[in-house]
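Contents: one structure, followed by commentary.
Protein chains get the first letters and strands the later ones, always in sequence-line order, with residue 1 at the start of each.
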Number of protein chains: 2
Amino acid sequence: MRRTQPAPAFPSPGHDHAPCLKETLKRASDAFEANGLRLTPLRRRVLEEVAGSHHAVGAYEILERLSQKERTRMAPISVYRALDALLEMGVVHRLESRNAYFACHAAHGKHGARQIVLACERCAMVAEIATPAAFEAIDGAARGTGFAPTRVMVEVAGLCTSCAASPQ
Amino acid sequence: MRRTQPAPAFPSPGHDHAPCLKETLKRASDAFEANGLRLTPLRRRVLEEVAGSHHAVGAYEILERLSQKERTRMAPISVYRALDALLEMGVVHRLESRNAYFACHAAHGKHGARQIVLACERCAMVAEIATPAAFEAIDGAARGTGFAPTRVMVEVAGLCTSCAASPQ
DNA sequence: GTTCTATGGGTACAATATAACACTATTCGC
DNA sequence: GCGAATAGTGTTATATTGTACCCATAGAAC
């Protein structure tokens, strides 16, 4: 029975992350293929950095990590191009309030990311949760004014379970 | 009776903006005073630029406008400091998805800005509307995961009434 | 093969935001 | 009044984030 439970929004810090990563890579691979594009080595490496944890990371942090790991000197634009492709495929999202990027660890519905983003102010851990009622209320309110929404962004800053529990 | 209607979320482009501006300045003045701080000339000038329309403006745009109007050479940090003070008072908000700032043209409730932000992708016009149901759903969903929210940000990108109606 | 699109290397630069330090202005207690 | 504490601003330099532009290569399409 436990296997049918959804993963908790904020996995414990010590959880086995390998399956999370593997699944994200699989979905990325599928998404690119479905669009006639390629999950190239560069894109894959960038995705691995982003999806290597449940934390949001900055583009320049990705850049530094890759440069160190591979002893190459990458240009920022290379990372941004890879991120753009991954964003386009929906396997990576941007945390607008922090100029950072995080992997989507759950399959999206057909309407794209209708999930709210919870981002810990202390550790930068990120979780997405489906919240249809919120999006319905937002859509309704927006349309009620004559506004035609194309993208809804909900980001909640606060403390994740671990950080709220730990002192200071 | 018309005078008791709330202002429309997106005022018509040709509306008389003077009352909007005046009201915002008044609320700013009150807010600073209530906190033992001052709406200094610098802060007032920055606020006038931001509140001079219902559009979101960038910090460097404010900087350029002020520099031109007053034939002075201002440093970016001066604008940012004024913006910080105005943000702190809640009379200006930041449009996170566009690194831009806009004036709050409506009084806040006691719990700060529990309003969703509608931002036109074409003309950058911004409106805020209270949407309690959305925030309740978001709070509930977040707390349900053990997350402790401190700030909820809802930004909706799309087309405002005017832009949706005009061709292209 | 030629052509088209996708991909990415490289250089430079644009856009946004802040650090650090010095100085002035205002308030508050006496 | 006067000194101390805090708020506010000027100045210089720099950090952080993101793009423009040009061109080389690779793979698919015809």
So does [Y] get a backbone contact from the side chain of [X], meaning a donor-acceptor N/O pair under 3.5 Å?
X: N35(B); Y: A31(B); value: yes
X: E155(B); Y: S97(B); value: yes
X: R151(B); Y: A157(A); value: no
X: E128(B); Y: L118(B); value: no

Taking for each residue the nucleotide of DNA chain D with the nearest heavy atom, is it R38(B) or R73(B) whose nucleotide lies nearer the 5' end?
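Result of the comparison: R38(B).
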
Between R81(B) and D84(A), which is nearer to the 5' end of DNA chain D once each is assigned its nearest nucleotide?
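Taking each residue's closest nucleotide, the earlier one in sequence belongs to R81(B).
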
Can you give the first and last nucleotides of DNA chain C, 5' to 3', that have an atom under 4.0 Å from a heavy atom of chain B?
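So the outermost contacting nucleotides come out as dT16(C) to dT26(C).
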
Can you see which heavy atom on T24(B) is nearest to which on C104(B), and at what distance?
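T24(B) and C104(B) have their closest heavy atoms at OG1-O, 3.7 Å.
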
How close do A85(B) and F32(B) get, heavy atom to heavy atom, and via which atoms?
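Closest approach of A85(B) to F32(B): O-CZ, 3.9 Å.
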
Any side-chain heavy atom of V154(A) sitting closer than 4.5 Å to one from V117(A)?
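In short, these two side chains do not touch, never coming nearer than 4.5 Å.
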
Is the ring centre of H17(B) less than 6.0 Å from the ring centre of H105(B)?
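Yes - the distance between ring centres of H17(B) and H105(B) falls below the 6.0 Å cut-off.
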
Describe the nucleic acid contact of [X] in one word from base, sugar-phosphate, nothing, applying a heavy-atom distance below 4.0 Å.
X: F32(B); value: nothing
X: R98(B); value: nothing
X: L42(A); value: sugar-phosphate

If you walk 5' to 3' along DNA chain D, what is the first nucleotide with an atom under 4.0 Å of a heavy atom in chain A, and what is the last?
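Under 4.0 Å from chain A, the extent on DNA chain D is dT17(D) to dG27(D).
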
Before giving the answer on side-chain contact (heavy atoms from CB on, under 4.5 Å), spell out for V156(B) and F147(A) the whole-Å C-alpha distance, their side-chain angles and the decisive distance to 0.1 Å.
CA-CA 9 Å; V156(B) 184; F147(A) 190 85; 3.8 Å; yes

Using heavy-atom distances to pick each residue's nearest nucleotide on DNA chain C, tell me which of I77(A) and G36(A) is more 5'.
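In this pair, the answer is G36(A).
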
Applying side chain to side chain donor-acceptor pair (under 3.5 Å) to T150(A) and E121(B), what does each step give before you reach the verdict?
CA-CA 9 Å; T150(A) 58; E121(B) 293 171 327; 2.8 Å; yes

Salt bridge or not for R38(A) and E33(A), using N-O below 4.0 Å?
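Salt bridge between R38(A) and E33(A), a charged N being under 4.0 Å from a carboxylate O: no.
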
To the nearest 10 degrees, what angle separates the axes at the start and end of the helix from dG1(C)-dC30(D) to dC30(C)-dG1(D), five pairs each?
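About 30° separates the two local helix axes.
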
